[in-house]
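Proteins get letters first, then strands, A, B, ... in listed order; numbering begins at 1 in each. Quick caveat: nothing in here was measured; it's all calculated off a predicted structure.
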Amino acid sequence: MLDAILQNLPYLLGGFLTNLQLAAFALAGGLFLGILVGLGRISKRPWVYYPVTLYVNFLRNIPLILVIFWFYFVMPILVGRTMDPFVSAAVSFIVFEATYFGEILRAGFQSISKDLVSAAYSTGLTYRQTATHILVPIAFRRMLPSMITQSIITFQDTSLAYVIGLQEMVRRTTIVDSIEVRSVQLYSFVAILFFIICFIGSRISMHYEEKSRKAKVL
Amino acid sequence: MIEIKNVSKWFGDFQVLADVDEVVQRGQKIVICGPSGSGKSTLLRCINGLEPYQKGEIVVDGVSLSDPKTNLYKLREKLGMVFQRFELYPHMTVMRNITLAPIKVRKKSRQAAEKKAMELLERVGIPDKAGAFPANLSGGQQQRVAIARALAMEPACMMFDEPTSALDPEMIQEVLEVMIGLAKEGMTMLVVTHEMGFAREVADEIIFMDEGRIVERGRGDDFFKYPKSQRTKDFLGQILK
(Lines give C-alpha, C1' and ligand atoms only; values in the text may rest on other atoms or scores of the structure.)
Protein backbone atom coordinates (compact mmCIF):
# COMPACT_ATOMS: atom_id res chain seq x y z
CA MET A 1 0.00 0.00 0.00
CA LEU A 2 3.06 2.23 0.00
CA ASP A 3 4.06 1.20 -3.50
CA ALA A 4 3.54 4.55 -5.18
CA ILE A 5 5.53 6.35 -2.50
CA LEU A 6 8.41 3.88 -2.41
CA GLN A 7 8.82 3.73 -6.15
CA ASN A 8 9.04 7.50 -6.39
CA LEU A 9 10.72 8.24 -3.08
CA PRO A 10 13.90 9.99 -4.33
CA TYR A 11 11.83 12.11 -6.71
CA LEU A 12 9.36 13.11 -3.97
CA LEU A 13 12.03 13.76 -1.34
CA GLY A 14 13.92 15.82 -3.90
CA GLY A 15 10.81 17.98 -4.07
CA PHE A 16 10.72 18.22 -0.30
CA LEU A 17 14.32 19.37 -0.34
CA THR A 18 13.23 22.21 -2.63
CA ASN A 19 10.61 23.22 -0.03
CA LEU A 20 13.30 23.25 2.64
CA GLN A 21 15.67 25.27 0.48
CA LEU A 22 12.99 27.76 -0.43
CA ALA A 23 12.05 28.10 3.24
CA ALA A 24 15.71 28.65 4.15
CA PHE A 25 16.03 31.50 1.63
CA ALA A 26 12.66 32.94 2.63
CA LEU A 27 13.59 32.94 6.32
CA ALA A 28 17.13 34.26 5.97
CA GLY A 29 16.11 37.00 3.54
CA GLY A 30 12.77 37.67 5.22
CA LEU A 31 14.39 38.07 8.64
CA PHE A 32 17.11 40.37 7.37
CA LEU A 33 14.70 42.54 5.40
CA GLY A 34 12.22 42.22 8.29
CA ILE A 35 14.71 43.81 10.69
CA LEU A 36 14.99 46.81 8.37
CA VAL A 37 11.21 46.92 7.94
CA GLY A 38 10.68 46.77 11.72
CA LEU A 39 13.18 49.57 12.30
CA GLY A 40 11.57 51.58 9.52
CA ARG A 41 8.18 51.17 11.16
CA ILE A 42 9.42 52.79 14.39
CA SER A 43 11.41 55.46 12.57
CA LYS A 44 10.67 59.07 13.37
CA ARG A 45 11.77 60.13 9.90
CA PRO A 46 8.69 60.53 7.71
CA TRP A 47 10.60 59.67 4.53
CA VAL A 48 11.46 56.29 6.06
CA TYR A 49 8.27 55.62 8.00
CA TYR A 50 5.67 56.29 5.30
CA PRO A 51 7.16 54.29 2.41
CA VAL A 52 7.85 51.32 4.71
CA THR A 53 4.34 51.49 6.18
CA LEU A 54 2.82 51.63 2.71
CA TYR A 55 4.86 48.59 1.66
CA VAL A 56 3.85 46.63 4.77
CA ASN A 57 0.16 47.49 4.55
CA PHE A 58 0.01 46.76 0.86
CA LEU A 59 1.61 43.33 1.02
CA ARG A 60 -0.19 42.24 4.17
CA ASN A 61 -3.50 42.84 2.46
CA ILE A 62 -2.99 40.70 -0.61
CA PRO A 63 -2.80 36.90 -0.70
CA LEU A 64 0.66 35.36 -0.93
CA ILE A 65 -0.32 33.36 -3.99
CA LEU A 66 -0.94 36.62 -5.84
CA VAL A 67 2.50 37.91 -4.87
CA ILE A 68 4.05 34.72 -6.21
CA PHE A 69 2.16 35.08 -9.50
CA TRP A 70 2.95 38.75 -9.72
CA PHE A 71 6.69 38.29 -9.43
CA TYR A 72 6.68 35.41 -11.83
CA PHE A 73 4.70 37.16 -14.56
CA VAL A 74 5.39 40.85 -14.02
CA MET A 75 9.08 40.80 -13.17
CA PRO A 76 10.14 39.39 -16.56
CA ILE A 77 8.33 42.30 -18.21
CA LEU A 78 10.21 44.76 -16.02
CA VAL A 79 13.59 42.99 -16.05
CA GLY A 80 13.36 41.86 -19.64
CA ARG A 81 14.01 38.15 -19.23
CA THR A 82 12.20 35.13 -17.86
CA MET A 83 12.86 34.18 -14.30
CA ASP A 84 13.76 30.83 -12.87
CA PRO A 85 10.75 29.68 -10.80
CA PHE A 86 12.92 29.08 -7.72
CA VAL A 87 14.50 32.53 -7.85
CA SER A 88 11.14 34.13 -8.52
CA ALA A 89 9.52 32.24 -5.62
CA ALA A 90 12.41 33.06 -3.26
CA VAL A 91 12.11 36.77 -4.06
CA SER A 92 8.32 36.68 -3.56
CA PHE A 93 8.67 34.95 -0.21
CA ILE A 94 11.40 37.27 1.06
CA VAL A 95 9.42 40.37 0.11
CA PHE A 96 6.22 38.93 1.58
CA GLU A 97 7.57 37.41 4.79
CA ALA A 98 9.64 40.50 5.57
CA THR A 99 6.41 42.39 6.21
CA TYR A 100 5.28 39.78 8.75
CA PHE A 101 8.65 39.50 10.49
CA GLY A 102 8.86 43.29 10.37
CA GLU A 103 5.57 43.68 12.21
CA ILE A 104 6.55 41.09 14.82
CA LEU A 105 9.85 42.89 15.39
CA ARG A 106 8.12 46.26 15.50
CA ALA A 107 6.09 45.00 18.46
CA GLY A 108 9.36 43.81 20.02
CA PHE A 109 11.04 47.17 19.48
CA GLN A 110 8.08 49.00 20.95
CA SER A 111 8.25 46.86 24.09
CA ILE A 112 11.69 48.35 24.80
CA SER A 113 11.49 51.41 27.05
CA LYS A 114 12.47 54.78 25.68
CA ASP A 115 14.86 55.26 28.59
CA LEU A 116 16.71 52.04 27.81
CA VAL A 117 17.43 53.41 24.34
CA SER A 118 18.38 56.77 25.87
CA ALA A 119 20.75 54.94 28.21
CA ALA A 120 22.47 53.36 25.23
CA TYR A 121 22.73 56.71 23.44
CA SER A 122 23.98 58.40 26.60
CA THR A 123 27.07 56.17 26.59
CA GLY A 124 27.90 57.44 23.12
CA LEU A 125 26.55 54.49 21.09
CA THR A 126 25.37 55.47 17.63
CA TYR A 127 21.95 54.60 16.20
CA ARG A 128 23.42 51.69 14.27
CA GLN A 129 25.28 50.35 17.31
CA THR A 130 22.18 50.71 19.46
CA ALA A 131 20.09 48.87 16.87
CA THR A 132 22.66 46.08 16.49
CA HIS A 133 23.50 45.47 20.14
CA ILE A 134 20.37 46.55 22.00
CA LEU A 135 17.19 46.83 19.92
CA VAL A 136 17.49 43.82 17.63
CA PRO A 137 18.76 41.27 20.21
CA ILE A 138 16.13 42.22 22.79
CA ALA A 139 13.30 42.24 20.23
CA PHE A 140 14.44 38.83 18.90
CA ARG A 141 14.44 37.30 22.36
CA ARG A 142 11.10 38.73 23.35
CA MET A 143 9.48 37.78 20.05
CA LEU A 144 11.12 34.39 19.54
CA PRO A 145 7.92 32.30 19.93
CA SER A 146 6.02 34.46 17.39
CA MET A 147 8.97 34.36 15.02
CA ILE A 148 9.14 30.57 15.16
CA THR A 149 5.39 30.36 14.54
CA GLN A 150 5.74 32.66 11.53
CA SER A 151 8.66 30.53 10.28
CA ILE A 152 6.44 27.44 10.42
CA ILE A 153 3.77 29.23 8.41
CA THR A 154 6.43 30.28 5.89
CA PHE A 155 7.56 26.69 5.53
CA GLN A 156 4.00 25.49 4.93
CA ASP A 157 3.45 28.25 2.40
CA THR A 158 6.43 27.20 0.29
CA SER A 159 4.11 24.57 -1.25
CA LEU A 160 2.21 27.44 -2.88
CA ALA A 161 5.11 27.86 -5.27
CA TYR A 162 3.71 24.91 -7.22
CA VAL A 163 1.46 27.42 -9.00
CA ILE A 164 4.41 28.76 -10.98
CA GLY A 165 5.63 25.28 -11.79
CA LEU A 166 8.34 25.00 -9.15
CA GLN A 167 9.31 21.36 -8.73
CA GLU A 168 8.60 21.24 -5.03
CA MET A 169 6.96 18.38 -3.23
CA VAL A 170 3.29 19.13 -3.85
CA ARG A 171 3.98 19.74 -7.53
CA ARG A 172 5.88 16.46 -7.84
CA THR A 173 3.16 14.63 -5.96
CA THR A 174 0.55 15.79 -8.47
CA ILE A 175 2.83 14.57 -11.25
CA VAL A 176 3.36 11.17 -9.61
CA ASP A 177 -0.37 10.91 -8.85
CA SER A 178 -1.31 11.61 -12.45
CA ILE A 179 0.74 8.56 -13.46
CA GLU A 180 0.18 6.21 -10.52
CA VAL A 181 -3.30 7.34 -9.46
CA ARG A 182 -2.71 6.73 -5.74
CA SER A 183 -4.03 10.01 -4.42
CA VAL A 184 -4.76 8.97 -0.83
CA GLN A 185 -1.39 7.46 0.00
CA LEU A 186 0.59 10.08 -1.89
CA TYR A 187 -1.09 13.11 -0.38
CA SER A 188 -1.10 11.52 3.07
CA PHE A 189 2.65 11.11 2.75
CA VAL A 190 3.06 14.81 1.89
CA ALA A 191 0.87 15.78 4.81
CA ILE A 192 2.86 13.63 7.25
CA LEU A 193 6.19 15.08 6.15
CA PHE A 194 4.93 18.64 6.55
CA PHE A 195 3.35 17.74 9.87
CA ILE A 196 6.60 16.33 11.29
CA ILE A 197 8.64 19.41 10.47
CA CYS A 198 6.00 21.86 11.65
CA PHE A 199 5.22 19.91 14.81
CA ILE A 200 8.89 19.95 15.80
CA GLY A 201 8.91 23.68 15.10
CA SER A 202 5.91 24.40 17.27
CA ARG A 203 7.41 22.34 20.10
CA ILE A 204 10.58 24.44 19.91
CA SER A 205 8.44 27.57 20.00
CA MET A 206 6.59 26.33 23.10
CA HIS A 207 9.87 25.44 24.75
CA TYR A 208 11.18 28.98 24.35
CA GLU A 209 7.91 30.49 25.49
CA GLU A 210 8.06 28.40 28.66
CA LYS A 211 11.73 29.17 29.17
CA SER A 212 11.30 32.92 28.90
CA ARG A 213 8.32 32.78 31.25
CA LYS A 214 10.44 31.00 33.86
CA ALA A 215 13.66 32.91 33.48
CA LYS A 216 12.08 36.39 33.35
CA VAL A 217 15.42 37.58 32.01
CA LEU A 218 13.74 40.01 29.67
CA MET B 1 31.50 73.25 31.24
CA ILE B 2 27.73 73.42 30.56
CA GLU B 3 25.96 76.65 29.65
CA ILE B 4 22.21 76.72 29.36
CA LYS B 5 21.01 79.98 27.85
CA ASN B 6 17.34 80.90 27.81
CA VAL B 7 16.18 77.44 26.85
CA SER B 8 12.50 76.83 26.14
CA LYS B 9 10.85 73.66 25.00
CA TRP B 10 7.30 72.71 24.10
CA PHE B 11 5.56 69.36 23.79
CA GLY B 12 2.88 70.49 21.35
CA ASP B 13 1.17 73.38 23.09
CA PHE B 14 2.50 72.50 26.50
CA GLN B 15 5.59 74.38 27.58
CA VAL B 16 7.91 72.07 29.55
CA LEU B 17 10.88 74.42 29.83
CA ALA B 18 10.59 78.19 30.06
CA ASP B 19 13.66 80.40 29.68
CA VAL B 20 15.97 78.18 31.69
CA ASP B 21 19.34 79.77 32.40
CA GLU B 22 22.12 77.98 34.17
CA VAL B 23 25.88 77.61 34.11
CA VAL B 24 27.63 74.53 35.43
CA GLN B 25 31.33 74.98 36.10
CA ARG B 26 33.76 72.08 36.01
CA GLY B 27 33.72 70.30 39.37
CA GLN B 28 30.42 71.84 40.48
CA LYS B 29 27.67 69.72 41.94
CA ILE B 30 24.18 70.95 41.24
CA VAL B 31 21.02 69.44 42.62
CA ILE B 32 17.73 70.07 40.85
CA CYS B 33 14.49 69.49 42.71
CA GLY B 34 10.87 70.30 42.12
CA PRO B 35 7.47 68.67 41.75
CA SER B 36 6.91 66.05 39.07
CA GLY B 37 6.26 67.53 35.66
CA SER B 38 8.35 70.59 36.44
CA GLY B 39 10.77 69.86 33.60
CA LYS B 40 13.76 68.58 35.60
CA SER B 41 14.21 65.33 33.70
CA THR B 42 13.49 67.03 30.39
CA LEU B 43 16.27 69.52 31.11
CA LEU B 44 18.78 66.68 31.61
CA ARG B 45 17.56 64.98 28.43
CA CYS B 46 18.02 68.24 26.51
CA ILE B 47 21.57 68.69 27.80
CA ASN B 48 22.39 65.20 26.56
CA GLY B 49 20.85 65.88 23.17
CA LEU B 50 18.21 63.22 23.73
CA GLU B 51 15.42 65.78 23.27
CA PRO B 52 15.37 68.81 21.02
CA TYR B 53 14.52 72.26 22.36
CA GLN B 54 12.94 75.08 20.40
CA LYS B 55 14.47 78.24 21.84
CA GLY B 56 17.76 79.27 23.40
CA GLU B 57 21.03 77.43 23.39
CA ILE B 58 22.91 74.75 25.30
CA VAL B 59 26.68 74.67 25.05
CA VAL B 60 28.66 71.72 26.40
CA ASP B 61 32.44 72.14 26.57
CA GLY B 62 32.28 74.92 24.00
CA VAL B 63 30.14 72.89 21.59
CA SER B 64 26.63 74.13 20.82
CA LEU B 65 23.90 71.50 20.73
CA SER B 66 21.76 73.60 18.38
CA ASP B 67 24.47 73.61 15.73
CA PRO B 68 23.38 71.07 13.10
CA LYS B 69 27.04 70.20 12.52
CA THR B 70 27.47 69.03 16.12
CA ASN B 71 28.03 65.30 16.44
CA LEU B 72 25.65 64.43 19.26
CA TYR B 73 27.12 60.94 19.63
CA LYS B 74 30.56 62.38 20.27
CA LEU B 75 29.13 64.91 22.70
CA ARG B 76 27.30 62.28 24.73
CA GLU B 77 30.56 60.50 25.45
CA LYS B 78 31.42 63.41 27.73
CA LEU B 79 28.19 63.19 29.67
CA GLY B 80 27.36 60.12 31.73
CA MET B 81 23.73 59.56 32.58
CA VAL B 82 21.97 57.48 35.21
CA PHE B 83 18.24 56.85 35.00
CA GLN B 84 15.48 56.33 37.51
CA ARG B 85 14.78 52.75 36.46
CA PHE B 86 18.46 51.76 35.94
CA GLU B 87 17.91 50.80 32.27
CA LEU B 88 20.56 48.09 32.20
CA TYR B 89 20.61 45.98 29.03
CA PRO B 90 18.61 42.95 30.18
CA HIS B 91 20.21 40.49 27.76
CA MET B 92 23.79 41.21 28.79
CA THR B 93 25.81 40.40 31.87
CA VAL B 94 26.92 43.17 34.19
CA MET B 95 30.37 42.98 32.61
CA ARG B 96 28.98 43.33 29.06
CA ASN B 97 26.72 46.19 30.16
CA ILE B 98 29.76 48.12 31.33
CA THR B 99 32.18 47.23 28.53
CA LEU B 100 29.84 47.60 25.52
CA ALA B 101 30.37 51.33 24.93
CA PRO B 102 34.12 51.39 25.73
CA ILE B 103 34.65 48.56 23.23
CA LYS B 104 32.28 49.78 20.49
CA VAL B 105 32.65 53.53 20.84
CA ARG B 106 36.15 53.98 22.25
CA LYS B 107 37.48 50.93 20.38
CA LYS B 108 39.17 49.68 23.54
CA SER B 109 40.38 46.09 23.58
CA ARG B 110 38.11 43.70 25.44
CA GLN B 111 40.89 43.08 27.93
CA ALA B 112 41.46 46.74 28.73
CA ALA B 113 37.72 47.40 28.94
CA GLU B 114 37.17 44.48 31.30
CA LYS B 115 40.04 45.52 33.53
CA LYS B 116 38.57 49.00 33.81
CA ALA B 117 35.10 47.54 34.42
CA MET B 118 36.41 45.42 37.30
CA GLU B 119 37.96 48.51 38.87
CA LEU B 120 34.63 50.29 38.59
CA LEU B 121 32.69 47.37 40.02
CA GLU B 122 35.19 47.33 42.88
CA ARG B 123 34.52 50.99 43.40
CA VAL B 124 30.73 50.62 43.52
CA GLY B 125 31.15 47.64 45.83
CA ILE B 126 29.93 44.68 43.75
CA PRO B 127 32.96 43.08 42.05
CA ASP B 128 31.40 39.64 42.60
CA LYS B 129 28.45 40.46 40.30
CA ALA B 130 30.41 40.82 37.05
CA GLY B 131 28.94 37.67 35.54
CA ALA B 132 25.37 38.19 36.78
CA PHE B 133 22.42 39.32 34.67
CA PRO B 134 20.56 42.49 35.70
CA ALA B 135 17.39 40.53 36.53
CA ASN B 136 19.28 38.71 39.29
CA LEU B 137 20.43 41.88 41.04
CA SER B 138 18.62 44.02 43.60
CA GLY B 139 17.54 47.52 42.58
CA GLY B 140 20.40 49.09 44.51
CA GLN B 141 22.92 46.81 42.84
CA GLN B 142 21.45 47.51 39.40
CA GLN B 143 21.71 51.23 39.95
CA ARG B 144 25.34 50.88 41.03
CA VAL B 145 26.05 48.93 37.85
CA ALA B 146 24.35 51.72 35.89
CA ILE B 147 26.69 54.22 37.54
CA ALA B 148 29.69 52.05 36.70
CA ARG B 149 28.46 51.78 33.10
CA ALA B 150 28.31 55.55 32.79
CA LEU B 151 31.71 55.98 34.44
CA ALA B 152 33.32 53.49 32.08
CA MET B 153 33.23 56.14 29.35
CA GLU B 154 35.19 58.48 31.63
CA PRO B 155 32.68 61.32 31.33
CA ALA B 156 33.51 64.88 32.31
CA CYS B 157 30.09 65.26 33.91
CA MET B 158 27.62 62.83 35.44
CA MET B 159 23.89 63.44 35.26
CA PHE B 160 21.49 61.60 37.54
CA ASP B 161 17.76 61.51 36.89
CA GLU B 162 16.08 60.62 40.19
CA PRO B 163 18.54 57.78 40.77
CA THR B 164 17.02 56.62 44.06
CA SER B 165 13.30 57.16 43.58
CA ALA B 166 12.65 53.66 42.21
CA LEU B 167 14.55 52.01 45.06
CA ASP B 168 13.36 50.38 48.24
CA PRO B 169 14.30 52.53 51.24
CA GLU B 170 17.01 50.19 52.49
CA MET B 171 18.85 50.41 49.16
CA ILE B 172 18.88 54.16 48.80
CA GLN B 173 21.89 54.64 51.06
CA GLU B 174 24.21 52.30 49.12
CA VAL B 175 23.56 54.28 45.94
CA LEU B 176 23.91 57.66 47.63
CA GLU B 177 27.24 56.60 49.13
CA VAL B 178 28.61 55.87 45.67
CA MET B 179 27.38 59.28 44.50
CA ILE B 180 28.87 61.07 47.50
CA GLY B 181 32.17 59.31 46.80
CA LEU B 182 32.08 60.59 43.23
CA ALA B 183 31.34 64.11 44.41
CA LYS B 184 34.28 64.03 46.79
CA GLU B 185 36.59 63.03 43.95
CA GLY B 186 35.63 66.24 42.17
CA MET B 187 33.26 64.92 39.50
CA THR B 188 31.01 67.54 37.91
CA MET B 189 27.48 66.44 38.77
CA LEU B 190 23.96 67.39 37.84
CA VAL B 191 21.52 65.53 40.04
CA VAL B 192 17.74 65.52 39.91
CA THR B 193 16.71 64.19 43.29
CA HIS B 194 14.50 64.69 46.31
CA GLU B 195 17.15 63.32 48.69
CA MET B 196 17.61 66.51 50.61
CA GLY B 197 20.27 65.02 52.89
CA PHE B 198 22.37 64.38 49.81
CA ALA B 199 21.68 67.87 48.50
CA ARG B 200 22.72 69.43 51.77
CA GLU B 201 25.93 67.42 51.91
CA VAL B 202 27.30 67.77 48.40
CA ALA B 203 25.46 70.48 46.44
CA ASP B 204 27.25 73.69 45.52
CA GLU B 205 23.91 74.92 44.32
CA ILE B 206 20.34 73.73 44.70
CA ILE B 207 17.83 74.67 42.02
CA PHE B 208 14.10 74.53 42.55
CA MET B 209 12.07 74.16 39.36
CA ASP B 210 8.35 74.49 38.87
CA GLU B 211 6.32 74.58 35.67
CA GLY B 212 9.45 74.58 33.52
CA ARG B 213 11.06 77.54 35.26
CA ILE B 214 13.88 77.88 37.71
CA VAL B 215 12.00 79.46 40.58
CA GLU B 216 14.78 79.65 43.09
CA ARG B 217 18.41 78.76 43.59
CA GLY B 218 20.44 78.65 46.74
CA ARG B 219 23.23 77.00 48.65
CA GLY B 220 23.04 74.18 51.18
CA ASP B 221 21.44 75.12 54.46
CA ASP B 222 20.35 78.57 53.32
CA PHE B 223 18.13 77.01 50.69
CA PHE B 224 16.35 74.88 53.26
CA LYS B 225 16.19 77.39 56.10
CA TYR B 226 15.32 80.54 54.23
CA PRO B 227 13.48 79.70 51.02
CA LYS B 228 12.42 82.91 49.33
CA SER B 229 9.39 81.98 47.27
CA GLN B 230 6.16 80.57 48.60
CA ARG B 231 6.22 77.72 46.09
CA THR B 232 9.63 76.58 47.31
CA LYS B 233 8.40 76.74 50.90
CA ASP B 234 5.35 74.64 50.06
CA PHE B 235 7.44 72.10 48.21
CA LEU B 236 10.08 71.78 50.92
CA GLY B 237 7.33 71.56 53.53
CA GLN B 238 5.93 68.56 51.67
CA ILE B 239 9.12 66.61 51.12
CA LEU B 240 10.82 67.34 54.42
CA LYS B 241 7.60 66.75 56.38
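- Checked against side chain to side chain donor-acceptor pair (under 3.5 Å), A:Asp157 has no partners two or more places apart in sequence or in another chain.
- Looking only at side-chain heavy atoms (C-beta outward), B:Leu100 and A:Leu125 come within less than 4.5 Å of each other.
- At a threshold of 4.5 Å between non-hydrogen side-chain atoms, the residues B:Asn48 and A:Ser118 do not count as touching.
- Note: B:Arg149 CZ to A:Thr123 OG1 = 7.0 Å, rounded to the nearest 0.5 Å.
- Between the side chain of A:Gln129 and the backbone N or O of B:Lys104 there is at least one donor-acceptor pair closer than 3.5 Å.
- Neither the backbone nor the side chain of B:Arg85 comes within contact range of chain A, judged by heavy atoms closer than 4.5 Å.
- Using a 4.5 Å cut-off between heavy atoms, B:Leu88 touches chain A through its backbone atoms (N, CA, C, O) alone.
- For a residue to count as touching a neighbouring chain, one of its non-hydrogen atoms must lie under 4.5 Å from one of that chain's; by this rule B:Tyr89 touches chain A with backbone and side chain alike.
- The part of B:Glu51 that comes within reach of chain A is its side chain, from C-beta onward, which places non-hydrogen atoms under 4.5 angstrom from that chain.
- Partner of B:His91 under the side-chain contact (heavy atoms from CB on, under 4.5 Å) criterion, out of A:Arg142, A:His133, A:Arg141: A:Arg141 alone.
- Using a 4.5 Å cut-off between heavy atoms, B:Met153 touches chain A through its side chain atoms alone.
- The closest side-chain heavy-atom distance from B:Leu50 to A:Tyr121 is below 4.5 Å.
- Residue B:Met92 touches chain A through its side chain alone, counting heavy-atom pairs closer than 4.5 Å.
- The distance from atom CE of B:Met159 to atom OG of A:Ser122, rounded to the nearest 0.5 Å, is 7.5 Å.
- The contact between A:Ser113 and chain B is made entirely by side chain atoms (from C-beta outward), counting heavy-atom distances below 4.5 Å.
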